[in-house]
Amino acid sequence: MGSKDRLDAIVERVGDVQTATLVKAVPEPHAFTYELKWDGYRILGVKAGAAVRLVSRKRQDYTKEMASVARDVATVDADECVLDGEVCALDERGVPSFQLLQNRTRRRSSLVYFVFDLLWLDGEDLRGRPIEERRKLLEQVVLGVNRKGSIVISSASEGDPRAILALACERGLEGIVAKRKGSTYSAGKKPTWLKVKCRARQEFAVIGYLPLMETRDAVGGLLLGVKDSPSGPLHYAGKVGTGFDEKTRVALAKMLEPDRVAQPVVKDVPRFDDIARHVKPRLVAEVEFTEWTEGGHIRHPSFQGLREDKTPDECVKEAPRESASPSTSTRAKKNEDRPEVLGVSISNPSRVLTPTGVTKLELARYYEAVGEHMLPHVKGRPLTLVRWAEGKETEKGGVYLRHAKAWGPDVLRRVKIREKTKLGEYLVADTVAALVGLAQMDILEIHTWSSRADDVEHPDRVVFDLDPAPDVPWKEVVRAAKLVRERLEALGLESWVKTTGGKGLHVLVPLVPEADWDECLGFTRAFAQMMVRDDPKRFVAAVPKHVRSGRILVDYLRNNRTNTSVAAYSTRARPKAPVSVPIAWDELTADLRSDAWNIHTVVDRLRRQRKDPWAGYFRARQRLPRAAR
DNA sequence: GGGGTTC
DNA sequence: GAACCCCAACGCCAC
DNA sequence: GTGGCG
Ligand SMILES: [Mn+2]
Ligand SMILES: [Mn+2]
């Protein structure tokens, strides 16, 4: 048999791929391994002798279109093999983009073939073997391939699916795929493969639009319709107003003009002050969104493109299967319990807090668990807090809260503090319940002043915040902290160190609250400048990024009045909810990392901890050296 | 998350 | 009642 | 005075 015939026979035999079932959460996290979900074309890379073919799910031949990938499949270390994976076009950030893949004819972008399975190897059908064996063989045959090539093994990992999902979403990926340990490969949609998406996405019938301006023919937003069941009628599903460029807005208006009708075709469309233009459903829009609202509409929609292969009639609501797990399933919000933690009622306890991957209830219980250790570091201090805002690219991210204004649970105390230009009302947490109250407010980071509310003008500590540039290795950060300690010691000051949950370290010097802010800032500024003078290759004291590469910023401005630093045992607003942790100096080694502990692992550390890593910190009675004052 | 406004 | 929209910091320092 | 930065 020639290689071409062999190839045909192999495709015939194993050409049907396995697909994943959409779920909201993975039911038995430990029974699965996790991979990132790549957004591209599902492609089998088939090789038989000298013949190579790239085959899509519908058996279309993509060998020519993806010639660079085909070339690399030819170099795989096997006579016959079938690779299963996803061919993607990467954008500038290295994130796969479906839109880019579709428009590739216009702008050349490089293709990457993320492979995750091996279905056939040298005459043997591997699909009956457990996934672990298939992966091992996959690595063996692909690892020999030129490392600069387009084939990349999609890595699999174990752990908390919500944390992995949070990481994937943070990177701008579509979601994750869970594969059951020990499972065989079986064509079609099977429960051994699950997918969890960051954002939902499906097709909607276009049932009208809102003009951008009364005067111009451009689409401001599309009105969308969807069916609840294949045989049911279309109903209103919301409107989508973002995701179009200017050209598309005009083009859509032109396409919709001939379809216009006087009255809405769908019953429950809002009136929109009668500016809405209704159309006979003909076009189908692909729309991404976060979730379905109680009222059957979509939240945070964004237009992805028109679907020419679908009709309005085929637009049926796709709901993910609920997970079987009671701990992570999303029950109807109305019926959801409101558990109490230390007397604080927690709303939406199972809501996952972006970008940590941790639920609100987990966060509340975390502060309950570490409260006894955390409170001495926080009690009495004015706070700055960080929440996470969803929404448009520009306004997504950490939101800093300083002033109490109307909000804030009653368990928190309020104090008025003079600022440079006005009077601000700050929150103070004096009890563990108050920390839980912050969790109820979705607070992901708790930052404290270096003075107490009852003596705001006299700091009771100074903080040396060591911020390494991205290219500084950890061992240099460790060296820097130890140097800070030594030099403080030479000035007669004892210091203590903590991780930050990020990349750097904090070195703290407790003080008798006598010196004022000017003196504390002056001392730390002089100290930082001395470090820079003595070793300008390692340290900077200036904030602008371009002067920092390869160096560590000795950020003395943490000690400016009204400035704060992240509190001991506060979580950070990052994937996996890392935590700032006080450590003993002899724990500060090359093996540690600043994000070594997270919301889960730090609780174990505290439970096992036999002696206080910060022994003596709260009893220290130190003053800044006379020369500095 | 909270508050105000709109439907 | 719910859906939608908007809001939620400050101050230093380099330029 | 503005903007980048923590
Ligand atoms: Mn820092
Ligand atoms: Mn800093």
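Numbered from 1 within each chain, the chains take letters A, B, ... in sequence-line order.
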Distance flag, aromatic centroids of [Y] and [X], threshold under 6.0 Å:
X: A:Tyr426; Y: A:His403; result: yes
X: A:His373; Y: A:Trp614; result: no
X: A:Tyr556; Y: A:Phe527; result: no

>> My understanding is that only residues two or more places apart in sequence, or in another chain, count here; which of them pass side chain to side chain contact (heavy atoms under 4.5 Å, CB included) with A:Asp467?
In response: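 Applying side chain to side chain contact (heavy atoms under 4.5 Å, CB included) to A:Asp467 gives A:Asp465, A:Arg548, A:Leu553, A:Asp555.
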Distances for protein N or O near nucleotides 5-7 of chain B N or O, under 3.5 Å:
none

> Can you find a pair of side-chain heavy atoms, one from A:Phe204 and one from A:Phe289, that are under 4.5 Å apart?
Replying inline: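 In short, these two side chains touch, coming nearer than 4.5 Å.
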> Do A:Val386 and A:Ile443 have side-chain heavy atoms sitting under 4.5 Å apart?
Replying inline: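 In short, these two side chains do not touch, never coming nearer than 4.5 Å.
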OP1 or OP2 of [N] versus the side-chain N and O atoms of [X]: is any pair under 4.0 Å?
X: A:Lys545; N: D:dG6; answer: yes
X: A:Arg548; N: D:dG6; answer: yes
X: A:Lys420; N: C:dA9; answer: no
X: A:His403; N: C:dC10; answer: yes

Go through [options] for me and flag the one nearest to the [X] side chain.
X: A:Thr562; options: C:dA9, C:dC5, C:dC10; answer: C:dC10
X: A:Leu401; options: C:dC10, C:dA8, C:dA9; answer: C:dA8
X: A:Tyr400; options: C:dA9, D:dG6, C:dC4; answer: C:dA9
X: A:Asn560; options: D:dG6, C:dC12, C:dA8; answer: C:dC12

> Without hydrogens or angle criteria, can the side chains of A:Ser580 and A:Lys498 be said to hold a donor-acceptor pair below 3.5 Å?
Replying inline: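 Yes, A:Lys498 and A:Ser580 have a side-chain donor paired with an acceptor closer than 3.5 Å.
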> Side chains of A:Thr354 and A:Glu390: donor-acceptor distance under 3.5 Å anywhere?
Replying inline: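 There is such a pair (donor and acceptor under 3.5 Å, judged by atom type) between the side chains of A:Thr354 and A:Glu390.
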Shorter than 3.5 Å, N or O on both sides, protein versus nucleotides 13-15 of chain C: list them out with atom names.
residue, atom, partner, partner atom, Å
C:dC13, OP1, A:Tyr556, OH, 3.2

> NA contact type, A:Thr384, heavy-atom cut-off 4.0 Å: base, sugar-phosphate, or nothing?
Replying inline: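 Nothing, no heavy atom under 4.0 Å.
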